[in-house]
Asker: 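Have a look at the structure that comes next, please.
None of the values given here were measured: they were computed from a predicted structure. For the numbers below, each heavy atom of this structure counts, side chains included, while hydrogens, waters and symmetry mates do not.
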Amino acid sequence: MHFMFRARKSQHLMRIVASFLLMLVVALPFPRAQAQMPGQASQQGAADTEEVLKARIDAAYKLMMDAGRFDQGYAQLRATLLDAARSDLYEFTVESYSNAGATFLNNQILDYAEEIFAEGLKTRAMQQDVEKRADFYLNYAMLKQAEKDYKGFVSMCATATNLYARYHGKESQEILYANDVLATGVAAFGQIASAINIEQRNLKLAEQVTGTDDRFIWKLQNNLADMLRQMGAPTRALQYDLAVLEKRIGYYGPNHFNVLVSANNTAQDYLDLGKYDEALRHFQQDRDIAVVLKQEGNLVEQADAWLLYTRVLSGTQRLDDPTLARLQQLTTDPSYPEILAIRI
């Protein structure tokens with residue numbers, strides 16, 4: 001959802017801005033001398049050091065967290081980014097635009113994220129030999145996916161992977177991660193067959209590079225299984241999901257969020273195969289973990305909905321008026337039951 005009201009923008013930024021600010025910690029405090037008239041900003045910015053620019057970005061985010069001061073903080077952030085763009089701090093400029101755009105993307109403030117990425121793309125720094133450009137393009141690709149711009153998404157991903165290959169090598173962890181972003185994004189646009197081809201090649205390369213016991217391998221297998229399930233191949237998906245479930249339990253223990261994800265995915269495979277007893281067992285495993293975790297959100301309610309849906313399909317739950325009313329509440333979205341799935 002694209003949040004249109006500034007007050008809500010401020011609330012959503014508060015959720016992750018604390019972690020973002022940890023990346024912006026500097027040795028020097030924010031100097032009082034920086035509080036100046038807007039017309040003076042560019043002149044002062046031309047002489048700003050990287051440390052001062054970091055402090056100004058820090059202050060801008062803190063200002064956005066104050067009630068009623070979101071617009072003022074955002075204006076200060078944009079002014080600081082422009083001052084960075086006018087400097088010769090090329091790596092800092094690219095990274096700052098990339099981080100800022102990703103922050104607004106993560107909070108679903110897509111219009112502001114687009115403004116920042118579009119401006120950053122035109123900076124002098126983005127024309128330089130700067131390694132961080134790869135991260136910028138990959139973050140921009142994720143925004144293009146959120147904006148449902150397929151052509152823009154693929155173009156940005158292609159540029160990112162080319163840069164990762166150039167700076168880190170064709171078998172680097174960065175390339176593997178970017179290819180996974182490409183595959184899952186292509187799948188999200190409905191191009192499942194293409195996505196499977198990309199992810200299968202990526203998984204094969206990753207196994208050659210890292211071996212089969214790396215947690216990133218489990219993530220790729222998890223995502224490939226999801227694509228196979230969407231394509232109507234639950235038997236193939238189940239092979240991956242069962243293996244990942246076992247490995248995640250062995251690594252994380254029985255009550256971890258990643259185990260919950262795999263239990264849910266495995267249950268969906270069994271559901272698609274008509275093996276309702278196994279589906280119910282794994283959805284119950286999903287629910288038990290959700291109860292233990294006590295996380296924010298509706299993980300328990302999601303599991304309950306899957307359990308109800310499976311019981312109805314299996315014939316063990318009567319389709320009486322209360323059950324029908326509950327199902328109607330769950331099926332307002334045409335993508336049901338996919339809306340109940342938990343992805344990672």
Side-chain angles (χ1 to χ4, degrees), residues 16 19-20 23-24 50 81 84-85 89-106 110 113-114 116-189 191 194-224 226-227 343-344:
I16 68 167
S19 62
F20 181 86
M23 299 185 294
L24 303 176
E50 182 173 329
L81 291 174
L89 301 170
Y90 299 134
E91 182 174 352
F92 172 78
T93 298
V94 171
E95 187 172 17
S96 296
Y97 272 97
S98 182
N99 287 343
T103 298
F104 286 96
L105 168 61
N106 290 339
L110 304 187
E114 178 62 42
I116 290 170
F117 277 121
E119 181 178 279
L121 189 62
K122 299 175 183 177
T123 61
R124 186 159 47 104
M126 285 295 291
Q127 311 306 316
Q128 309 302 313
D129 186 15
V130 176
E131 177 186 323
K132 294 292 183 181
R133 289 181 300 153
D135 295 338
F136 178 98
Y137 280 109
L138 191 63
N139 284 333
Y140 205 173
M142 295 177 190
L143 174 62
K144 291 301 182 183
Q145 179 181 341
E147 294 174 333
K148 303 191 184 307
D149 178 357
Y150 180 70
K151 183 177 179 181
F153 167 75
V154 172
S155 175
M156 294 296 173
C157 270
T159 303
T161 54
N162 287 338
L163 288 172
Y164 282 130
R166 173 182 171 185
Y167 289 113
H168 300 283
K170 295 182 178 181
E171 297 182 351
S172 64
Q173 193 72 27
E174 291 81 2
I175 277 284
L176 297 173
Y177 176 77
N179 283 337
D180 182 54
V181 170
L182 174 61
T184 54
V186 168
F189 280 102
Q191 305 296 321
S194 296
I196 289 174
N197 288 334
I198 295 169
E199 196 71 297
Q200 284 178 329
R201 291 196 300 269
N202 198 38
L203 175 60
K204 183 178 180 180
L205 176 60
E207 288 175 339
Q208 293 172 351
V209 172
T210 68
T212 59
D213 290 329
D214 190 274
R215 283 176 292 168
F216 183 68
I217 296 294
W218 308 342
K219 176 181 173 66
L220 296 183
Q221 291 173 333
N222 179 95
N223 292 343
L224 179 56
D226 185 33
M227 297 169 196
R343 310 297 185 200
I344 186 169

Asker: Decide yes or no for Met142 and Phe153: does some side-chain heavy atom of the first lie under 4.5 Å from some side-chain heavy atom of the second?
Answerer: no
Asker: Short question: side chain of Thr93, backbone of Ala125 - any donor-acceptor pair under 3.5 Å?
Answerer: no
Asker: If you take all heavy atoms of Val181 and Cys157, which pair is closest and at what distance?
Answerer: CG1-SG, 4.3 Å
Asker: Ignoring hydrogens and angles, tell me if any N or O in the side chain of Thr123 forms a donor-acceptor pair with the backbone of Gly120 under 3.5 Å.
Answerer: yes
Asker: Kindly compute the distance separating CG (Asn139) from CG (Asn106), expressed to the nearest 0.5 Å.
Answerer: 8.0 Å
Asker: Within the structure provided, determine whether Ile116 and Phe104 are in side-chain contact (heavy-atom separation under 4.5 Å).
Answerer: yes
Asker: Roughly how far, to the nearest 0.5 Å, is the CG atom of Leu203 from the CZ atom of Phe216?
Answerer: 9.5 Å
Asker: Tell me, yes or no, whether the heavy-atom count around Gln128 atom CD, taken from other residues, nucleotides or ligands under 6.0 Å, exceeds 12.
Answerer: yes
Asker: Any side-chain heavy atom of Leu205 within less than 4.5 Å of one from Arg201?
Answerer: no
Asker: Can you list the steps and then say if Glu114 with Tyr140 is a side chain to side chain donor-acceptor pair (under 3.5 Å)?
Answerer: CA-CA 8 Å; Glu114 178 62 42; Tyr140 205 173; 2.6 Å; yes
Asker: Just by modelled atom types, is the Thr210 backbone N or O under 3.5 Å from a matching donor or acceptor in the Asp214 side chain?
Answerer: no
Asker: For salt bridge (charged side-chain N to carboxylate O under 4.0 Å, His left out), just list the numbers for Asp129 and Arg166, CA-CA rounded to whole Å, side-chain angles, deciding distance to a tenth of an Å, and then say yes or no.
Answerer: CA-CA 11 Å; Asp129 186 15; Arg166 173 182 171 185; 3.0 Å; yes
Asker: Checking the side chain of Ser96 only, and the main-chain atoms of Phe92 only, is there a donor and an acceptor separated by less than 3.5 Å?
Answerer: yes
Asker: Is it true that a side-chain atom of Thr159 and a backbone atom of Ser155 form a donor plus acceptor pair closer than 3.5 Å?
Answerer: yes
Asker: Would you say that Leu163 contacts Glu131 through its side chain, given a criterion of any heavy-atom pair below 4.5 Å between the two side chains?
Answerer: no
Asker: Hey, what's the ring geometry for Phe117 with Phe136, parallel, tilted or perpendicular (30° and 60° as the breaks)?
Answerer: perpendicular
Asker: Between the side chain of Asn202 and the main-chain N/O of Leu176, is any donor-acceptor distance below 3.5 Å?
Answerer: yes
Asker: Could you measure the distance from the CG atom of Asp180 to the CG atom of Asn223? Nearest 0.5 Å is fine.
Answerer: 4.5 Å
Asker: Could you tell me whether a side-chain N or O of Tyr97 sits under 3.5 Å from a main-chain N or O of Leu121, the two making a donor and an acceptor?
Answerer: no
Asker: Could you check if a side-chain atom of Tyr137 sits within less than 4.5 angstrom of a side-chain atom of Thr161, using non-hydrogen atoms only?
Answerer: no
Asker: Atom CE in Met227, atom CD1 in Ile198: separation rounded to 0.5 Å?
Answerer: 8.0 Å
Asker: If you define the side chain from C-beta out and look only at heavy atoms, does anything of Ile217 sit under 4.5 Å from Asp213?
Answerer: no
Asker: Using 0.5 Å steps for rounding, measure from the CE atom of Met156 to the CG atom of Leu182.
Answerer: 14.0 Å
Asker: Using a 6.0 Å cut-off, check whether atom CD of Glu91 has over 12 heavy atoms from anything other than its own residue.
Answerer: no
Asker: Where is the tightest heavy-atom contact between Ala85 and Arg124, given as atom of each residue plus distance?
Answerer: O-NH2, 4.2 Å
Asker: Output the distance between atom CD (Glu95) and atom CG (Asp135), rounded to the nearest 0.5 Å.
Answerer: 8.0 Å
Asker: Using the ring centroid of each side chain, check whether Tyr177 and Tyr164 are separated by less than 6.0 Å.
Answerer: no
Asker: Identify whether the distance between the nearest side-chain nitrogen and carboxylate oxygen of Glu147 and Lys144 falls below 4.0 Å.
Answerer: yes
